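Taking it in order: structure first as structure tokens, then the write-up.
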Amino acid sequence: KNEVEQSPQNLTAQEGEFITINCSYSVGISALHWLQQHPGGGIVSLFMLSSGKKKHGRLIATINIQEKHSSLHITASHPRDSAVYICAVKGGSQGNLIFGKGTKLSVKP
Amino acid sequence: DTEVTQTPKHLVMGMTNKKSLKCEQHMGHRAMYWYKQKAKKPPELMFVYSYEKLSINESVPSRFSPECPNSSLLNLHLHALQPEDSALYLCASSQAKESSNTEAFFGQGTRLTVV
């Protein structure tokens, strides 16, 4: 079993829809990251969470430490939101991230 | 400046070539990382540098040789690579590896093709 599980693996939405991507983890963590990667491109950090909820524009991230679960929400989705969204946790002493397999989001106009 | 800059963006090399990938950050971060990412897979950790010292080597073949000449620079020297080494190589940095709540910053990656 992977230490970080994301669902769904693939998600297609119509422009304007509300989107939720889920992440569950099985290790003790100090922080959880939501990352965005466009095709062929580098990775952009969207959020780093250790508790509660954060909002940035149309993006909202929540984390429940007791349940070891986090969600990323996108309101009023737009085709430019199409990307792979990766959940990653920082749990080891080396400071490296443990990555989920990613959720590929396609938003259709 | 919150950027991690990687060069080159694309690299094609033969199996007998020697090349280097470069990564630079000016955020004062003391932890720097190399990751390898194959298509449709999450990144895999290769090396961690902490305060310019190699902290972890995730059983990476010796044809990959990292170097951290100073706190702002991280290199990955490549020699005698195989076609299966073709991948996106990502550099990342954070304030310090021991610090629990520091954000990770990633470069745009180098797309490496070995022919």
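Every chain is numbered from 1, with letters handed out A, B, ... down the list of sequences. These figures come from a predicted structure and were not determined experimentally. Computed over heavy atoms, backbone and side chain alike; hydrogens, waters and symmetry mates excluded.
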key: Segment of B:Gln37 engaging chain A (4.5 angstrom heavy-atom cut-off)   = side chain

CD (B:Glu84) with more than 12 external heavy atoms under 6.0 Å = yes

ask   = Does atom CD of A:Gln9 have more than 12 heavy-atom neighbours, drawn from other residues, nucleotides or ligands, at distances under 6.0 Å?
value = no

Contacts with chain A made by residues 106-115 of chain B (heavy-atom distance under 4.5 Å), listed by residue number = B:Phe106, B:Gly107, B:Gln108, B:Arg111

Please tabulate, for the side chains in residues 8-22 of chain B, all donor-acceptor contacts under 3.5 angstrom to protein atoms that are two or more places apart in sequence or on a different chain.
residue : atom : partner : partner atom : Å
B:Asn17 : OD1  : B:Gly14 : N            : 2.7
B:Ser20 : OG   : B:His77 : ND1          : 2.6

query = Any sub-3.5 Å donor-acceptor pair from B:Tyr35's side-chain atoms to A:Leu97's backbone N or O?
reply = yes

request  = Apply side chain to side chain donor-acceptor pair (under 3.5 Å) to A:Tyr85 and list each qualifying residue two or more places apart in sequence or on a separate chain.
outcome  = A:Gln36

key: Shared hydrophobic cluster for A:Leu49 and A:Leu59 (ILVMFWY, side-chain gaps under 4.5 Å)   = yes

query = Should B:Val60 and B:Leu76 be counted in the same cluster of Ile, Leu, Val, Met, Phe, Trp and Tyr side chains packed under 4.5 Å apart?
reply = yes

task = Locate the shortest heavy-atom distance separating B:Pro43 from A:Phe99; write the atom from each residue and the value.
result = O-CD1, 3.5 Å

ask   = Would B:Phe64 end up clustered with B:Leu54 when hydrophobic side chains under 4.5 Å apart are linked, directly or stepwise?
value = yes

inquiry  = Restricting to side chain to side chain donor-acceptor pair (under 3.5 Å), what partner residues turn up for B:Gln6, sequence neighbours left out?
reply    = none

message = Using every non-hydrogen atom in the two residues, find where A:Ser45 and B:Ala104 come nearest and quote the distance to one decimal.
response = CB-O, 3.6 Å

